[in-house]
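What follows is a set of notes on a single structure, which appears directly below.
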Amino acid sequence: QVQLVESGGGLVQAGGSLRLSCAASGRTFSSYAMGWFRQAPGKEREFVATISWSGGSTSYADSVKGRLTISRDNAKNTVYLQMNSLKPEDTAVYYCAAGIYPISSSRLSEYGYWGQGTQVTVSS
């Protein structure tokens, strides 16, 4: 069993920054890809960013490229999402997910474990 606990969400003005963290336990963290997804009210959960097991490969949704950065610290079993230049359309519940493969992926089906989510609200 894998446990994922997100933190760092909150209310921020447009143009501001937040840093989300996701602490993992229960499995060899460094062996698997990690991802961040988000879900806005009335919308489906969507891919935001992913990072490979080593951190050597990352990928982003077009809507967040250049503003959000995913990283991981395998010594601390933690993955991060640095969010800069936030926009009101970034408002959503953000979920951390643990992959079932080492290679990063944007597909929800390739993630086997999910955190409880953390709310990010960007005011205009």
Do the non-hydrogen side-chain atoms of Gln1 and Gln3 ever get within less than 4.5 Å of each other?
-> yes
Problem set entry | Main-chain N/O of Ser30 paired to Thr28 side chain as donor or acceptor, under 3.5 Å | no
_Less than 4.5 Å apart, side chain to side chain, heavy atoms only: is that true for Met83 and Arg67?_
no
Here the pair of heavy atoms bringing Tyr111 nearest to Trp114 is O-NE1, 3.7 Å
Report task. Check step by step if ring pair (Phe, Tyr, Trp, His ring centres under 6.0 Å) holds for Tyr60 and Phe47. Result -> CA-CA 8 Å; Tyr60 299 89; Phe47 165 72; 8.0 Å; no
Just so I know, are the side chains of Leu68 and Ile70 near enough to count as touching, which here means a heavy-atom distance under 4.5 Å?
no
Review point. Should Met34 and Val64 be regarded as members of a common hydrophobic cluster, given that ILVMFWY residues are connected when their side-chain heavy atoms come within less than 4.5 Å of each other, either directly or indirectly?
Key: yes
For Asn77 and Asn74, the nearest pair of non-hydrogen atoms, with its separation, is OD1-O, 3.2 Å
Considering only heavy atoms from C-beta outward, does the side chain of Val79 approach that of Ile51 to under 4.5 Å?
yes
| message | Hydrophobic clustering (ILVMFWY, side-chain heavy atoms < 4.5 Å, transitive) - are Val48 and Leu20 grouped together? | response | yes
The ring pair (Phe, Tyr, Trp, His ring centres under 6.0 Å) partners of Tyr113 (sequence neighbours excluded) come to none
- request: Examine distances only and state if a side-chain atom of Thr50 and a backbone atom of Trp36 form a donor-acceptor pair shorter than 3.5 Å.
  value: no
Residues pairing under salt bridge (charged side-chain N to carboxylate O under 4.0 Å, His left out) where one sits in residues 70-86, two or more places apart or in two chains, turn out to be none
Note: Ser31 and Trp53 closest approach over all heavy atoms is C-CB, 3.7 Å
Atom pairs and distances, donor-acceptor, side-chain atoms in residues 93-108, under 3.5 Å, two or more places apart:
residue : atom : partner : partner atom : Å
Tyr94   : OH   : Arg38   : NH1          : 2.9
Tyr94   : OH   : Asp90   : O            : 2.6
Ser105  : OG   : Arg107  : N            : 3.1
Ser105  : OG   : Glu110  : OE1          : 2.9

Quiz prompt | Working for side chain to side chain contact (heavy atoms under 4.5 Å, CB included), residues Leu18 and Val120 | solution = CA-CA 9 Å; Leu18 284 174; Val120 171; 3.9 Å; yes
In short, Ala40 meets Thr91 closest at the heavy-atom pair CB-O, 3.8 Å
_When you measure from the side chain of Gln39 to the backbone of Ala92, do you find a donor-acceptor pair of N or O atoms at a distance under 3.5 Å?_
no
side-chain hydrogen bond (donor to acceptor under 3.5 Å, both in side chains) assessment of Gln13 paired with Ser123:
CA-CA 5 Å; Gln13 289 188 332; Ser123 63; 5.0 Å; no
key: Ser71 side chain reached by Gln82 side chain, heavy atoms, under 4.5 Å   = no
